[in-house]
Every structure is written in structure tokens, then in C-alpha cells.
Protein chains: 2
Amino acid sequence: MARKSGSHADITGPKVRDAAERLFARHGYAAVSMRQIASEVGVQAGALYLYTKDKQSLLFDLMQSHLEALMTAWLAEPRGDTPGARLEAFTRFHIRHHLDRPDAVFIAYMELRNLDPANFRVIEALRKHYEDVLEDILRDGAEAGVFAVPDTKLTTMALIGMLTGVNIWYRASGRLSRDRVEDLYCEMVQKAVGA
Amino acid sequence: MARKSGSHADITGPKVRDAAERLFARHGYAAVSMRQIASEVGVQAGALYLYTKDKQSLLFDLMQSHLEALMTAWLAEPRGDTPGARLEAFTRFHIRHHLDRPDAVFIAYMELRNLDPANFRVIEALRKHYEDVLEDILRDGAEAGVFAVPDTKLTTMALIGMLTGVNIWYRASGRLSRDRVEDLYCEMVQKAVGA
DNA sequence: GTCTATAATTAGATAGAC
DNA sequence: GTCTATCTAATTATAGAC
């Protein structure tokens, strides 16, 4: 479907999202101006409003699509048939997916404060939905007697915190390969739940 | 030492810091205006500049004093005489200290992006200094053969991430007491390092 | 679809009265 | 030590030309 020349909506739209994601992650939502985003895209500030209602919607859309893509990707992941295998699958998936999208992850964790209340509730529900994935695995394992988990909810939060922390320190140029990081985290997670 | 009436520097100075800490933690450094801080303190915006050079110094001072207080408090803590005891002491100290100062902790982790480059280097060095405490404990335990830690640096970052994550989910009004949280994290940490 | 121009608001920081 | 007033610059968002 060729468009009229001069019509770049299909290109500019995604470019706006990409630029916003990069800039929000680097400098923070509140510190980034619409003019900065426009400049990064290569248009004037006014043109941005063809692709987003306002700055808040830009933030919300980025977070929502990140969390929805996270759930969708997990549901498409091959799942193990024992709690131990499922926990390993989750650990590897979480690290891989998060290291692949550092900017989106960073925004989803750091910019919750800048969401309007109504948007905040939507994002929190999506995040909770994802955390429930791990909680279900831990509960299944505990009930089957293969995990030693005295408090399922606390362990869920502790492990999520540990795994998501990878994004804070991991550098591709660093000492460890991604596979090695996955392996080491898997080992720690399994030991932590007493598997 | 009584001062002239109308001279409230001893009171207003700390109030400025407290208000800034609360507001930065709640809404983010970039989203908070000097007028908001002044309003919270009960003075006009211009009066703030008697107590801080500018907004950036306010942020830097908060982060610096938080991290210095953290190190000082750790050095005053009774230290165990085995790696296992030291790891437990560190775990309990970290959780206790962090849950006592949620706003300062939040700022120290979330506002690194908003530091001037020179200030950033100072804060990063202080943070590294604190992380080295845990790394030293883990290395000692590994060398003594009481911890099974294949990669000391990675384990340090993983545990710090897990422990600091407490501040994200813990609520005093929630299901678990602080002592119970400490106990459960201690147990997980010990298992994770194979102690 | 994009740009230019602009409206309306707000920001950080300072000067000078009291 | 604080307030009032103000300067300068930047902000989001919109209107209308092209």
C-alpha cells in the first residue's frame, strides 16, 4: 500500500515511540521535553501530537505495551513439566527478555510515579499479573514438596527483585556472557528455594 | 544558645532537607519545583537559597549524607566472627536500615540520572564502597570453603538487588512483621550462597 | 504530514525591602 | 531570615499556513 509522498506516518509513529523510550530511560520522564523527543525524531514539536494525545499517553503506552509484550512472550515460551523446570524456564526467560529491552524495563520500574492515577492502576494490574506467574510456580513447587518456601509471596518479591536487578549492573561489554549470567542466576534461584 | 527571635536557621535548614527528601521520593527530582518545597516548609521560594546553593546541591547532599550514614551505621554494627555470621549481620542490618529510611533509599536508587557528572562520580564511589562490604564477606566465605559462590561479584549484585527490593513491596500495615521479613530473607540468603 | 508561530503557564534563581 | 517582585528561559499544547 503505497502512500502519498510526504506521508511518513508509518515511519514517524514508531520513531516517536523509540525516541521517547530512549530519552525517558536515559533522563527520566519529567526531565525530557517534547522538543527533545521531536529533535531526536527529526521533526518539530508540534508534529508529535499527530502520534500521541499528550506526553502522559506516550509514557503510558510505552509501559503498557512493554508489560503486555512481556506476558505474551512468556505465554509463548515452552514451559517445563515440573516446578523445578518451570522455575528454570521462568528465570531464563525473565533475564533474557529484560536484558533485551533495558530501556523499556527501566521505564516500567522507574516512572510509575509519573503515571496519572488511572493509568497507574492499569499498569500495576499488568505487573501484578506477571508476578503471579512466578508466585504460581513457587506455590505449585511448595505444595508438591519440591521447594522449601516458607512464604510464597515474600519469596516471589525477593526473586523478582533479584532477577530484575540484572539490568542495573549487566553490561554486554563486561566480564560475563549473557548465557553465563543466566546459568549463575538459575543456580542461585534453585538453591534459594531449596530445590 | 538562644538566637535572636525571627532567626530560624536551625529549624528551617533541616525542614528544607526533610521536605525535599519527601517530595523527591514521592514525585521525583525533576517533577518537584522549588516552590513546592518552599510551600511544604512554609516559606517562600527565595528563602530556600539561604540553605542550599541550588536544586542540584539539595539532591546531591541528600544522597551523599544517606550513603555516608549507611556506611557509618554499618561500621558501628557488631560484626560476626564467621562468614556466615557476618552475612547474617549484613542481611539484617541492610533490611533494617533500608526499611527505616524508605525515602532516602528511594532517592539514592532512582535519582542517579539527575546528578551532575561530577556529583554522580562521588555518589557511585560511595555506593561501590558499600557493595564492597558484601563482596568481601562473600569472598571470605568462599575462600574459607563455607560458601558455594561461583562468582563473587555477580552474587554480590544479585543479593543487593534482592535485599534492596524489600523497600518496593514492604508495607508496615501488611501481613508480615519486620522481624519476620528479616528472618525469611536471612534464610533465603544463606541458602542462596549454599551456607 | 509537517512547520512556524504563539498562547498560557511554569521553572530556577536573584535583588532588594523589611 | 524571610518575603515580594521580577528576570530569563523553558515548558506543554494548539492554530493555521503550506
Side-chain angles (χ1 to χ4, degrees), chain A residues 1-21 23-24 26-62 107 111 113-119, chain B residues 1-24 26-63 107 111 113-119:
Chain A
M1 308 297 185
R3 293 267 192 117
K4 260 205 328 250
S5 90
S7 170
H8 300 125
D10 302 349
I11 297 169
T12 306
K15 275 172 78 175
V16 170
R17 283 178 51 98
D18 288 353
E21 181 170 291
L23 289 170
F24 288 168
R26 195 111 52 200
H27 307 292
Y29 172 78
V32 172
S33 71
M34 296 298 270
R35 278 172 182 78
Q36 273 179 274
I37 298 172
S39 158
E40 185 95 351
V41 173
V43 298
Q44 293 298 314
L48 295 181
Y49 292 87
L50 295 167
Y51 305 99
T52 183
K53 189 180 151 293
D54 52 21
K55 197 184 172 192
Q56 170 71 206
S57 301
L58 207 41
L59 176 63
F60 174 71
D61 289 345
L62 285 173
I107 292 169
E111 301 296 354
R113 298 177 295 191
N114 288 306
L115 287 172
D116 288 346
N119 288 341
Chain B
M1 309 296 188
R3 294 268 191 117
K4 259 205 330 246
S5 91
S7 171
H8 300 124
D10 302 350
I11 298 170
T12 306
K15 275 172 78 176
V16 170
R17 283 177 51 97
D18 288 353
E21 182 170 290
R22 196 165 40 246
L23 289 170
F24 288 168
R26 195 112 50 200
H27 308 291
Y29 171 79
V32 171
S33 72
M34 295 299 270
R35 282 170 180 78
Q36 273 179 273
I37 298 171
S39 158
E40 185 95 350
V41 173
V43 296
Q44 294 297 315
L48 294 181
Y49 292 87
L50 295 167
Y51 305 100
T52 183
K53 189 179 151 295
D54 52 21
K55 197 185 172 191
Q56 171 70 204
S57 302
L58 208 40
L59 176 63
F60 174 71
D61 290 344
L62 286 173
M63 294 174 95
I107 292 169
E111 301 297 353
R113 298 176 297 190
N114 288 306
L115 286 172
D116 288 346
N119 288 340

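First the proteins, then the strands, lettered A, B, ... as listed; each starts at 1.
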Whole angstrom is fine here: how far is it from CG in A:L48 over to P in D:dA15?
17 Å
Reckon B:Y29 has a side-chain N or O less than 4.0 Å from the OP1 or OP2 of C:dG12?
no
Between A:A47 and A:S33, which has a closest nucleotide on DNA chain D that is more 5'?
A:S33
Atom NE2 of A:H27 to atom P of D:dT11: distance rounded to whole Å?
12 Å
B:Y29 vs B:K55 side-chain heavy atoms within contact, under 4.5 Å
yes
Whole-Å gap separating P (D:dT4) and CD (B:Q44)
5 Å
In this structure, how many angstroms lie between the P atom of D:dG1 and the CG atom of B:D10, rounded?
9 Å
Out of D:dA13, C:dA13, C:dT2, which nucleotide sits closest to the side chain of A:K55?
D:dA13
Distance-only, no hydrogens or angles: does the B:Q56 side chain make a donor-acceptor pair with backbone N or O of B:L115 under 3.5 Å?
no
Selected nucleotide, minimal atom distance to A:L50 side chain, candidates C:dG1, D:dT2, C:dC3:
C:dG1
Looking for any heavy atom pair under 4.0 Å, which part of the strands does B:V32 touch: base, sugar-phosphate only, or nothing?
sugar-phosphate
Determine, for B:E111 against A:R113, whether the closest basic-nitrogen to carboxylate-oxygen distance falls under 4.0 angstrom.
yes
Of B:G46 and A:A31, the one whose nearest nucleotide on DNA chain D sits closer to the 5' end is B:G46
Rounding to a whole Å, what distance do you find between B:Y49:OH and D:dT4:P?
17 Å
Contact between B:M34 and B:Y49 at the side-chain level, heavy atoms closer than 4.5 Å - yes or no?
yes
Just the rounded figure in Å: distance from P of D:dT11 to CD of A:Q56.
18 Å
Rounded distance in Å - CG (B:D54) to C1' (D:dT8)
17 Å
Is there a side-chain contact between A:T12 and the phosphate of C:dG1, meaning an N or O under 4.0 Å from OP1 or OP2?
no
Nearest-0.5 Å distance, CD of residue A:E21 to CG of residue A:L58:
10.0 Å
Would you say A:Y51 places a side-chain N or O within less than 4.0 Å of OP1 or OP2 belonging to C:dT2?
yes
In whole angstroms, the gap separating P of D:dC7 from CE of B:M34 amounts to 20 Å
